[in-house]
Amino acid sequence: MKFLQMSKFGNPTEVVEVVESDPPPPPAANEATVAVEYSAIGPAELLMIRGRYGIRPQPPAPLGNEAIGRVIAVGDSVKNVKTGNRVAIPTGLPVWRQAITVAAAELIVLSEQADPQQLSMLRINPLTAALLLTEYVELGKDDWIIQNAGNSGVGRSVIAFAREFGLRSVSLVRRSELVHELKSAGADIVLVDGPDVAKQVAAATGKAKIKLGIDGVGGDSSHSVASCLTSNAKMVAYGGISGKPAAMSPLIIIFKQVTLEGFWLGYPRFRDAHEKLAAHTRTAERLIAEGKLHVPVAGVYSLEQATQAMAHAQKGGKVLLKPN
Ligand SMILES: NC(=O)c1ccc[n+]([C@@H]2O[C@H](COP(=O)([O-])OP(=O)(O)OC[C@H]3O[C@@H](n4cnc5c(N)ncnc54)[C@H](OP(=O)(O)O)[C@@H]3O)[C@@H](O)[C@H]2O)c1
């Protein structure tokens, strides 16, 4: 069986290597073995390999976070999954590999109708979006929210979940060619980020009082989002894809009393909210099956093509591994 590991912290194209090992152990009574179909390469894994993430495993360390697969063996007392089922594997496991044996209770049986590549991105970005929209600010039907990184996996999930929850969304992007595409994907308003974006947002929303800002970028884009918010609104930072410190005018903090909070799926209050996460996962699965949530896939690579896969993922776009 092959899997990917990092030999040390560093550039993913240089330190990620394919390793040959024994097959996973046969499942114990409450376990199942899953052959991995697709596994996503996320920005978090790329940061972790560079040693710049909230979790720093001791190298050499096996890699991966999010995947789906087919059950190939089950333990004697397993009832919730059967051999042949397509399942979502729990996050946080080293799933950049051909097969893995896990606690069967944590597997989610998936629809055969939905696109498996889309399903392989089910358990991180869609759940992040659902929690960002529901756990920070009380929002009612037709309330507006604003986000940057509108074209990211999280951004597209925010657009889909906002529509699902009866909210209206403003998405900021950095490339004008995305405006039409994201509107077709369900976004209400899409604008190119820039210095006068607050005026454009006010005009486009009829001066809506926007109570929630979602920031995945940092740098000046944080200020773009914050400057569109109403008094006592909340700005939630979940990522810093620009690599720059988040900027926000002190006047927004002082006079509008906008507050800033962080979001991490790894916070115990989210990680351990099993029923809530299961419900959001089911909603995301349905949105994918209905074609309402779709994240374009930029490339699919085998484990042997790890170097190309890492290079492509760092260049941008969603890259998947297909280990079998
Ligand atoms: N806190 C959490 O629990 C959590 C959970 C999930 C994700 N995240 C974080 O969220 C971020 C997005 O993840 P993802 O998987 O959704 O990413 P993704 O699908 O790979 O998308 C990355 C996005 O970032 C944009 N981008 C890249 N560089 C940029 C820059 N310098 N300025 C502005 N935009 C830039 C890209 O714009 P284009 O579309 O124009 O190429 C693209 O839309 C990552 O930082 C990730 O680590 C955090």
Side-chain angles (χ1 to χ4, degrees), residues 12 39-55 64-67 91-92 117-118 120-136 147-161 171-182 185 187 190-194 197 214-225 235-247 260-273 277 280-281 284 293-299 309-320:
S39 180
I41 301 176
E45 289 87 88
L46 297 173
L47 273 182
M48 197 188 75
I49 295 165
R50 287 180 180 272
R52 290 170 43 206
Y53 194 60
I55 298 168
N65 197 3
E66 188 178 29
T91 52
Q117 294 189 356
Q118 294 297 312
S120 72
M121 299 178 275
L122 180 69
R123 286 183 104 167
I124 295 183
N125 289 341
L127 297 191
T128 296
L131 293 169
L132 284 166
L133 291 172
T134 52
E135 298 291 320
Y136 288 85
Q147 64 165 344
N148 53 22
N151 185 45
S152 66
V154 174
R156 283 177 178 257
S157 303
V158 164
I159 290 167
F161 269 94
S171 294
L172 305 184
V173 294
R174 57 176 182 166
R175 295 185 283 133
S176 59
E177 64 266 31
L178 293 166
V179 172
H180 178 69
E181 195 179 322
L182 291 186
V190 185
L191 295 167
V192 177
D193 200 349
V197 82
I214 298 175
D215 179 19
V217 176
D220 290 340
S221 189
S222 304
H223 179 74
S224 294
V225 173
M235 171 98 168
V236 184
Y238 70 91
I241 201 87
S242 70
K244 298 195 181 124
L260 176 64
E261 273 191 53
F263 169 88
W264 190 30
L265 208 45
Y267 293 157
R269 73 178 193 271
F270 297 139
R271 197 188 52 212
D272 302 336
L277 293 181
H280 290 319
T281 304
L293 171 54
H294 181 88
V295 178
V297 172
M310 296 303 137
H312 193 165
Q314 291 186 100
K315 212 170 73 192
K318 271 295 163 222
V319 175
L320 305 180

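Atoms within a ligand are numbered from 1 in the order they appear, just like the ligands themselves. For the single chain, residues carry numbers from 1 onward in sequence order.
- Distances below 4.0 Å separate heavy atoms of I124 from the following atoms of ligand 1: 6 (C).
- Evaluated by nearest non-hydrogen atom to atom 46 (C) of ligand 1, the leading choice among G316, P43, G317, A237 is P43.
- Within ligand 1, the atoms closer than 4.0 Å to a non-hydrogen atom of V217 are 32 (N), 33 (C), numbered from 1 in the order shown.
- Residue contacts with ligand 1 for N125 involve side-chain atoms from C-beta outward but no N, CA, C or O (heavy atoms, distance under 4.0 Å).
- Looking at ligand 1, you'll find an N or O of R174 within less than 3.5 Å of one of its N or O atoms.
- Using modelled atom types and a 3.5 Å distance limit, the side chains of D215 and S222 yield a donor-acceptor pair.
- Of the listed residues (V158, D220, L47, I241), the one carrying the non-hydrogen atom nearest atom 25 (C) of ligand 1 is I241.
- Atom numbering of ligand 1 starts at 1 in the shown order; those under 4.0 Å from a heavy atom of K318 are 14 (P), 15 (O), 17 (O), 18 (P), 19 (O), 20 (O).
- Between L277 and F270, the closest heavy-atom pair is CD1-O, 3.3 Å.
- Closest protein heavy atom to atom 21 (O) of ligand 1: S152 CB, 3.2 Å.
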Pair R175-E181, salt bridge (Lys or Arg N to Asp or Glu O under 4.0 Å): steps then yes or no: CA-CA 11 Å; R175 295 185 283 133; E181 195 179 322; over 6 Å; no
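- Between G218 and S242, the shortest heavy-atom contact is C-OG, 3.7 Å.
- Distances below 4.0 Å separate heavy atoms of F263 from the following atoms of ligand 1: 1 (N), 2 (C), 3 (O).
- Looking from atom 4 (C) of ligand 1 to the surrounding protein, the closest heavy atom is Y238 O, 3.8 Å.
- Counting heavy atoms from C-beta outward, Q314 and R50 have side chains that approach closer than 4.5 Å.
- Looking at ligand 1, you'll find an N or O of R175 within less than 3.5 Å of one of its N or O atoms.
- Of all atoms in ligand 1, numbered sequentially from 1 with element shown, those under 4.0 Å from a heavy atom of L265 are 2 (C), 3 (O).
- There is no side-chain donor-acceptor pair under 3.5 Å between E66 and T91.
- Here N151 has heavy atoms under 4.0 Å from ligand 1 in both its backbone and its side chain.
- Of all atoms in ligand 1, listed by their number and element, those nearer than 4.0 Å to a heavy atom of V154 are 6 (C), 7 (C), 16 (O).
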